[in-house]
Structure formats: C-alpha cells, structure tokens
There are 2 protein chains.
Amino acid sequence: MTQVSKCQPRSPRQAARRRAAVDRLLDTTLFKALSDQTRATLLACLIKCGRPCSVSELAECCSVDFSVVARHLSVLARAGAVEANKQGRTVWYSARCAHLCETLHALAEAIEDWCPQLEARESSDSCPCEDHGGGND
Amino acid sequence: MTQVSKCQPRSPRQAARRRAAVDRLLDTTLFKALSDQTRATLLACLIKCGRPCSVSELAECCSVDFSVVARHLSVLARAGAVEANKQGRTVWYSARCAHLCETLHALAEAIEDWCPQLEARESSDSCPCEDHGGGND
DNA sequence: CCAATACTTGCACAATGACGCAAGTATCCA
DNA sequence: TGGATACTTGCGTCATTGTGCAAGTATTGG
C-alpha cells in the first residue's frame with residue numbers, strides 16, 4: 001500500500017534528481033500560454049462556442065487590438081491549447097478540448113502517483129520514478 | 001445526448017457572455033505561478049519529495065539565489081499550489097497535492113462539459129452555463 | 001545578551017512580454 | 001487587374017517579472 005514511499009526520496013536534492021511523469025507534465029509551455037488573462041478569455045470563448053472561430057470573430061470578444069488577438073491565438077496554438085485551420089484567407093481556430101483534458105488529467109494523476117495518502121483512485125503500487133539514479137545524497 | 005449544443009452559443013460574442021465553471025477554473029493565478037521554470041522545478045521537487053521541505057533545503061536544488069527561491073515559494077503559496085508551515089525560524093513548505101489534483105480534474109471536467117463529442121465519461125446532459133443571459137446577438 | 005541561523009524585504013537592473021500602430025502578405029471577388 | 005478582406009509581422013513603448021545583493025527581522029542556542 002505504501003510501496004511508493006520506499007522509493008520516495010528523503011531529501012529535496014534526491015527528489016530533484018528523480019525523473020518522473022510529473023516533471024514532463026509540469027512543462028511550462030502550456031502554463032505560460034494560460035497565464036495571460038486575454039488568452040484565457042479567448043480559450044474559454046473557443047471552448048464555450050463549440051465550433052471553430054475566425055480571428056475576426058474572436059477579436060470582437062476582446063478589448064485589445066486585432067493584431068494582439070491574432071498573436072495570442074498563435075501562442076495558444078504553439079502551446080497545443082488550440083488548433084488553427086486555414087481556409088482561404090480565414091484562419092479557423094478551435095479549442096483542442098480532448099488534448100487539454102488528457103493533459104490535465106494526466107498531470108493530476110502524475111501528482112497522485114507521488115501522494116500515497118491520495119488513495120481515492122486505485123494506486124498503481126509501483127514507483128512513479130522513470131529513473132532510479134542518484135540514490136545517494 | 002446532444003442537449004449541450006442546444007444551449008451552446010452560436011457566436012464567440014455570445015460565448016464570451018456566458019458564465020460557466022470553465023471561466024472560473026481558467027483563472028490565471030495558478031497558471032502564472034506554474035509558468036516559471038524555477039517555480040515548476042520547486043513544485044515538482046516538493047511533490048516528489050513527499051514531505052515538507054525548508055526553504056534552505058529547496059534552495060540547494062536550484063541554481064538561483066536563496067532569496068529568489070523564498071520569493072518563488074511564496075508565489076506558489078499565494079497561488080494555492082503549496083502551503084507554508086512556520087515552526088520556529090524554519091518555514092516548511094509542502095505541495096498541496098490534493099488541492100492541485102482537484103483543481104486540475106475540475107478544469108478538465110469543466111472543459112468536457114462543453115464538448116459533446118467527449119462522451120468517454122458520463123455526460124451530465126445539462127447545460128454547463130451558470131447563467132443564461134445574453135442570448136440575443 | 002550576543003552570535004548564528006532562517007527567512008523576508010528593499011532596491012536596482014535586465015529580460016520578458018503585452019500592446020497598438022503601421023506596413024506587409026495572401027486570398028477573394030467584381 | 002484592382003480593391004477589399006483576413007491575417008501576419010516589424011517596431012517602439014510600457015508594464016511586469018525574475019534576479020542578485022544587501023540589509024532587515026525573527027528565532028534559537030550558548
């Protein structure tokens with residue numbers, strides 16, 4: 001039941017050396033994209049709209065310049081939060097809901113793997129480390 | 001099955017006016033905290049360590065100044081990602097794993113609520129809006 | 001009481017990023 | 001072909017934020 005703690009590091013230095021899913025999923029790219037209020041609003045708008053929207057349409061929902069909206073959307077696209085589909089002169093943006101949900105659930109589960117006390121879901125009972133080096137400290 | 005789409009806005013302007021759980025959960029405070037690489041490293045370190053760590057301990061895992069680490073940890077605490085427990089002259093920081101997981105799962109589910117095609121989990125079949133104003137556009 | 005420890009805060013500086021304007025590119029329609 | 005539409009990109013400005021150093025505060029132990 002508490003096999004996780006057997007492989008759990010005893011010092012932050014040891015912990016920092018361990019490589020686990022949580023490191024990869026705590027990648028800052030997506031969080032940087034979601035850390036701006038205008039981008040968060042645009043993403044929420046796309047999610048709630050439920051259909052692809054053009055840059056012009058989305059610019060009507062924001063108080064900022066059209067070019068700023070276009071740049072924000074490209075940031076969201078590079079972070080994988082939305083996807084762009086160019087048809088003619090119009091770019092249709094849509095939220096990557098499935099990808100976002102998968103990423104968020106995966107991060108939550110990667111955190112749960114390191115917290116033996118969070119046994120709500122069935123624990124894997126295995127070490128969440130992806131390497132086992134740096135044992136001595 | 002597709003009752004969600006009945007209440008789904010047809011334009012981004014309509015979508016922007018709708019208030020839903022996804023708006024509240026896309027709050028930028030937490031994402032801002034996770035958007036810095038040093039802070040992400042500190043949080044991952046706390047998660048993997050599985051026990052409260054002092055600022056001094058955590059500073060050994062980072063290449064930045066001690067005062068910078070202390071400031072980063074206070075940012076993480078204000079965002080709700082970690083919690084501080086002062087005992088004597090030492091501040092013990094620990095990851096708020098349960099809170100983080102709840103927040104992440106809740107956001108993912110709030111997104112799923114707006115995506116009728118994501119029927120993997122049982123859909124609530126109800127409108128995810130928390131208000132129903134601004135219908136005309 | 002004094003020194004050491006552990007952390008916080010003030011300050012200056014550099015880097016980053018959001019923004020608006022204007023110019024550029026690509027596409028469509030008449 | 002020429003103008004209108006839809007978006008992209010370059011550039012300068014401004015605000016925010018990350019950083020290190022140094023000084024300050026709080027707590028502990030001798």
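Chain letters run A, B, ... following the sequence lines, proteins first, then strands; residues in each count from 1. As a basis for the values below, the full set of heavy atoms in this structure was taken, side chains included, without hydrogen atoms, waters or symmetry mates.
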*Asks:* Which whole-number value in Å describes the distance from Gln37(B) CD to dT17(D) P?
*Replies:*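 Gln37(B) atom CD is separated from dT17(D) atom P by 18 Å.
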*Asks:* Calculate the interatomic distance between Leu42(A) atom CG and dA18(C) atom C1'; express it in whole Å.
*Replies:*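 In whole Å, dA18(C) C1' and Leu42(A) CG are 13 Å from each other.
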*Asks:* Could you tell me if the side chain of Thr41(B) sits less than 4.5 Å from the side chain of Asp23(A), heavy atoms only?
*Replies:*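 Side chain of Asp23(A) against side chain of Thr41(B), heavy atoms only: no contact under 4.5 Å found.
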*Asks:* Over all strands shown, is Val64(A) touching base, sugar-phosphate only, or nothing at heavy-atom distances under 4.0 angstrom?
*Replies:*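 Counting heavy atoms under 4.0 Å across all strands, the contact made by Val64(A) is with sugar-phosphate only.
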*Asks:* Give one of base, sugar-phosphate or nothing for Ser67(A), where a contact means two heavy atoms less than 4.0 Å apart.
*Replies:*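 Contact class for Ser67(A): base.
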*Asks:* Nearest whole Å is fine: how far is dA23(D) P from Arg71(B) CZ?
*Replies:*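 Distance, rounded to whole Å: 15 Å.
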*Asks:* Please report, rounded to the nearest Å, how far the P atom of dT8(C) is from the CG atom of Leu58(B).
*Replies:*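 Whole-Å distance recorded here is 12 Å.
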*Asks:* With a 4.0 Å cutoff (strictly under), does any side-chain N or O of Arg89(B) reach OP1 or OP2 of dG29(D)?
*Replies:*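 Indeed not, no polar side-chain atom of Arg89(B) lies that close.
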*Asks:* When the nearest nucleotide of DNA chain C is assigned to Asp65(A) and to Lys86(A) on a heavy-atom basis, which residue is associated with the more 5' position?
*Replies:*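 Its nearest nucleotide being more 5', the pick is Asp65(A).
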*Asks:* Ignoring backbone atoms, establish whether Thr38(B) has a side-chain N or O less than 4.0 Å from OP1 or OP2 of dT19(D).
*Replies:*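 Answer is yes, contact under 4.0 Å.
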*Asks:* Rounded to the nearest Å, what distance is computed from the CZ atom of residue Phe66(B) to the C1' atom of nucleotide dT25(D)?
*Replies:*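 Rounded to the whole Å, the gap is 13 Å.
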*Asks:* Tell me which nucleotide among dC7(C), dT8(D), dC7(D) gets nearest to the side chain of Thr90(B).
*Replies:*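 Selected nucleotide (nearest to the side chain): dC7(C).
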*Asks:* Would you say that Leu73(A) contacts Val91(A) through its side chain, given a criterion of any heavy-atom pair below 4.5 Å between the two side chains?
*Replies:*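 A side-chain contact under 4.5 Å is absent here.
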*Asks:* For Leu73(A) and dA6(D), what is the distance between atoms CG and P respectively, to the nearest whole Å?
*Replies:*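 Nearest whole value for this atom pair: 15 Å.
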*Asks:* Does the side chain of Ser56(B) pick up a donor-acceptor pair with the side chain of Glu60(B) at under 3.5 Å?
*Replies:*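 Result is no, nothing qualifies.
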*Asks:* Arg39(B) side chain N/O closer than 4.0 Å to the phosphate oxygens (OP1, OP2) of dG18(D)?
*Replies:*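 For Arg39(B), the contact criterion (side-chain N or O under 4.0 Å from OP1 or OP2 of dG18(D)) is met.
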*Asks:* Can you check the Leu34(A) CG to dA18(C) P distance for me, whole Å?
*Replies:*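 Distance, rounded to whole Å: 12 Å.
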*Asks:* Taking the side chain as every heavy atom from C-beta outward, state whether Thr29(A) and Lys32(A) have any atom pair closer than 4.5 Å.
*Replies:*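 Thr29(A) does not reach Lys32(A) side chain to side chain.
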*Asks:* What is the distance, to the nearest angstrom, from the CG atom on Asp36(B) to the P atom on dA14(C)?
*Replies:*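 So the CG-P distance, Asp36(B) to dA14(C), works out to 20 Å.
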*Asks:* Under 4.0 Å, heavy atoms only, any strand: does Val91(A) hit a base, just the sugar-phosphate, or nothing?
*Replies:*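 Contact class for Val91(A): sugar-phosphate only.
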*Asks:* In sequence, state the C-alpha distance, the side-chain angles, and the governing distance for Phe31(A) and Leu30(B), and then conclude on side-chain contact (heavy atoms from CB on, under 4.5 Å).
*Replies:* CA-CA 9 Å; Phe31(A) 300 128; Leu30(B) 179 61; over 6 Å; no
*Asks:* Hey, is the side chain of His72(B) poking within less than 4.0 Å of OP1 or OP2 on dT17(D), counting only N and O atoms?
*Replies:*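 Looking at the OP1 and OP2 atoms of dT17(D), neither is under 4.0 Å from any side-chain N or O of His72(B).
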